[in-house]
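Side chains included, hydrogens not; waters and symmetry mates left out as well; all remaining heavy atoms used. Numbering starts at 1 and runs along the sequence shown.
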Amino acid sequence: MTLVHNWHLGRRMEYPYFESRPKKQFAAVFNINRCIACQTCTMACKSAWTYNKGQEYMWWNNVETKPYGGYPQSWDVKTLKLIDNGENTWYTDEKDEKLSPYGVYEGDTIFEASAKKNLNQWAVGYIPEDKEWRAPNFGEDVAKSNNKPDEYSSLPEHSRWFFYIQRLCNHCTYPGCLAACPRKAIYKRKEDGIVLIDQKRCRGYRKCVEQCPYKKPMYRGLTRVSEKCIACYPRIEGKDPLTKGRPMETRCMSACVGQIRLQGFLDDNPKNPVTWLIRHHKVALPLYPQFGTEPNIYYIPPRWAPRSYLRQMFGPGVDEAVEKFMVPSRELLAVMSLFRMTQTIVFEYKIEEGPKVFETVIHGKKFEMFNDTVIGFGEDGQEVVRTTVEEPIYIRDPKHLNSI
Ligand code: SF4
Ligand code: SF4
């Protein structure tokens with residue numbers, strides 16, 4: 001093992017390979033607050049990549065109901081148990097914007113837990129049995145309740161609650177799957193950080209299935225090798241004629257009905273909307289950072305769920321993120337207005353200020369809404385999208401009626 005820096009954990013950690021970050025990292029922000037669990041994203045992926053023989057149980061993109069749901073069943077609880085050493089604690093007293101924005105995690109990652117237990121493998125894990133891949137919508141809309149007759153739900157934390165979590169491969173910076181493969185058949189692309197299984201080299205060892213904590217590599221009985229989410233790389237490369245050579249968001253992102261998803265790249269540009277939401281505004285957080293893989297799908301946590309549950313899921317940045325989302329700043333509202341306005345990947349945004357349209361006090365804070373125009377630019381700096389925060393109103397000639 002060597003030591004690499006993981007900024008989610010705010011510390012160095014053990015990993016089989018040296019730190020080597022891509023030029024820019026495939027990443028996305030999912031606003032859980034807006035998800036309706038329609039599974040359109042799920043079918044967008046299914047109908048493109050996993051519709052064929054031997055893939056019947058494969059759902060690279062899935063949306064599960066928390067806290068009870070999961071695909072494969074109970075994947076999170078099972079993996080969390082493997083790294084639980086009784087002292088999995090976050091220390092948040094000292095933070096560093098770049099190196100440890102959420103504080104420091106002192107528990108064991110999947111790699112460290114394996115080394116400590118002398119397991120003679122790169123990470124702890126388990127291979128879900130075939131029956132665990134059944135029921136991809138297991139636990140749909142099943143709430144946690146306090147089971148008292150007078151129970152009712154209200155903010156800040158609902159007593160009876162559930163929320164949806166949208167999952168695909170996280171194209172991790174330190175992938176467990178890549179570390180696990182003894183044939184080095186899994187690789188991470190330098191240009192965009194996408195993690196792929198080489199279908200020619202793979203021998204179906206299933207080490208990736210075992211050691212990906214998110215359970216995203218899946219074994220295909222027909223070909224006898226494993227497959228996983230490919231981040232729709234031909235679209236990312238601009239191969240779809242629709243965007244005329246420009247990088248295009250993946251199928252699952254583009255399909256999102258609830259406008260919860262924005263995909264792009266994590267880079268050093270503070271005016272990149274994805275980078276701004278994750279690194280600068282810190283409103284979007286990684287899923288189970290304690291696994292230690294530095295996942296690259298980031299979530300705006302649901303404002304109604306118990307904070308303790310959210311903290312174990314997204315780390316200690318939860319309270320600040322929920323606070324910011326509940327009464328959004330002018331910039332946050334404008335950036336969120338960009339979600340799902342185009343299929344072309346936005347690399348930079350600009351806000352043109354408009355008039356104030358509304359103000360109130362909400363959750364004890366002043367909230368002002370401005371009808372700003374937000375503009376997105378492509379990789380080449382050309383404008384690719386433009387929208388306003390507020391809907392326009394059109395008044396037609398009185399000969400047209402509304403009451404019909
Ligand atoms: S989510 Fe799993 S399959 Fe995807 S890169 Fe991370 S470890 Fe590999
Ligand atoms: S398409 Fe969007 S709103 Fe529908 S389930 Fe997927 S992430 Fe949620």
Side-chain angles (χ1 to χ4, degrees), residues 1-16 19 32 66-68 70 74-119 121-126 144 156-157 161 163 165 167 170 172-176 179 211-215 278-279 281-325:
M1 293 259 201
T2 120
L3 282 175
V4 294
H5 187 81
N6 180 325
W7 65 269
H8 290 175
L9 306 182
R11 68 168 171 86
R12 302 220 288 169
M13 62 157 212
E14 291 179 40
Y15 191 66
E19 181 168 346
I32 292 180
K66 284 289 155 218
Y68 295 119
S74 308
W75 66 274
D76 44 358
V77 179
K78 286 186 136 185
T79 306
L80 287 165
K81 268 196 190 139
L82 298 173
I83 56 165
D84 186 6
N85 64 6
E87 44 191 287
N88 304 35
T89 319
W90 289 90
Y91 294 92
T92 53
D93 289 350
E94 280 182 36
K95 292 180 193 162
D96 177 282
E97 268 308 297
K98 226 178 149 56
L99 296 175
S100 57
Y102 314 130
V104 179
Y105 179 69
E106 288 297 358
D108 291 332
T109 65
I110 54 166
F111 309 107
E112 293 158 351
S114 175
K116 268 195 193 164
K117 290 177 193 160
N118 286 321
L119 289 185
Q121 62 188 41
W122 292 113
V124 290
Y126 73 101
K144 179 153 175 53
E157 293 184 7
W161 61 276
F163 64 88
I165 184 117
R167 303 204 306 115
N170 288 287
C172 306
T173 306
Y174 303 115
Q211 291 168 45
C212 163
Y214 302 95
K215 294 290 162 256
I278 299 166
R279 299 259 18 192
H281 205 51
K282 289 193 271 186
V283 73
L285 305 165
L287 176 65
Y288 290 121
Q290 59 267 48
F291 291 159
T293 63
E294 229 190 80
N296 287 300
I297 306 293
Y298 295 81
Y299 297 84
I300 303 180
R303 65 194 180 285
W304 62 88
R307 301 297 183 269
S308 55
Y309 185 83
L310 294 178
R311 276 183 224 117
Q312 64 84 37
M313 189 172 236
F314 301 112
V318 157
D319 300 81
E320 189 185 327
V322 172
E323 192 91 342
K324 283 183 174 160
F325 175 75

key: Pairs where residues 282-293 contributes a residue and the test side chain to side chain donor-acceptor pair (under 3.5 Å) is met, not counting sequence neighbours   = E97-K282
task = For residues W304 and E157, determine if any side-chain heavy atom of one lies less than 4.5 Å from a side-chain heavy atom of the other.
result = no
key: A115: side-chain contact (heavy atoms from CB on, under 4.5 Å) partners, not counting sequence neighbours   = M1, E14
inquiry  = Is it the case that atom NZ in K117 sees more than 12 heavy atoms from other parts of the structure closer than 6.0 Å?
reply    = yes
message = Quick check: F314 with H8 (ring centres under 6.0 Å apart)?
response = no
message = I need the minimum non-hydrogen distance between P295 and C172, along with the two atoms involved.
response = CA-SG, 4.0 Å
ask   = Is a side-chain donor or acceptor of T109 paired with a backbone partner of E112 at a separation under 3.5 angstrom?
value = yes
key: For N6 against M13, the heavy-atom pair lying closest together   = ND2-SD, 3.7 Å
task = Kindly write out the residues that satisfy ring pair (Phe, Tyr, Trp, His ring centres under 6.0 Å) with Y214, not counting sequence neighbours, or none if the list is empty.
result = F291
query = Considering residues at least two apart in sequence or located in another chain, which fulfil the side chain to side chain donor-acceptor pair (under 3.5 Å) criterion with E320?
reply = K324
inquiry  = I'd like to know whether V318 forms a side chain to side chain contact (heavy atoms under 4.5 Å, CB included) with L285, so could you lay out the CA-CA distance, the side-chain angles of the two residues, the decisive distance to 0.1 Å, and finally the verdict.
reply    = CA-CA 8 Å; V318 157; L285 305 165; 3.9 Å; yes
task = Mark yes when over 12 heavy atoms from residues, nucleotides or ligands other than R307 sit less than 6.0 Å from its CZ; otherwise mark no.
result = yes
All side chain to side chain donor-acceptor pair (under 3.5 Å) counterparts of W7, not counting sequence neighbours = E294
Qualifying residues under side chain to side chain donor-acceptor pair (under 3.5 Å), relative to D108, sequence neighbours excluded = N85, K116
note = Taken in chain and number order and not counting sequence neighbours, the residues that satisfy side-chain contact (heavy atoms from CB on, under 4.5 Å) with K95 are T92
ask   = With sequence neighbours excluded, what pairs up with E94 under the side chain to side chain donor-acceptor pair (under 3.5 Å) test?
value = none
note = Heavy atoms of L9 and G292 approach each other most closely as CD1-CA, 4.1 Å
query = Got Y102 and P289 here, is their nearest side-chain heavy-atom distance under 4.5 Å?
reply = no
key: For L99, side-chain contact (heavy atoms from CB on, under 4.5 Å) partners two or more places apart   = H5, D96
ask   = Can you find a heavy atom in the side chain of D76 that is under 4.5 Å from one in the side chain of Q312?
value = no
message = I'd like to check the ring pair (Phe, Tyr, Trp, His ring centres under 6.0 Å) partners of Y15; sequence neighbours left out, ordered by chain and number.
response = F111, Y174
remark   = Applying side-chain contact (heavy atoms from CB on, under 4.5 Å) to D84 and not counting sequence neighbours gives N88
request  = Output all residues satisfying salt bridge (charged side-chain N to carboxylate O under 4.0 Å, His left out) with R311, sequence neighbours left out; order by chain, then residue number.
outcome  = D319
inquiry  = Under a plain distance cut-off of 3.5 Å, with no hydrogens placed, do Y91 and D93 share a side-chain donor-acceptor pair?
reply    = no
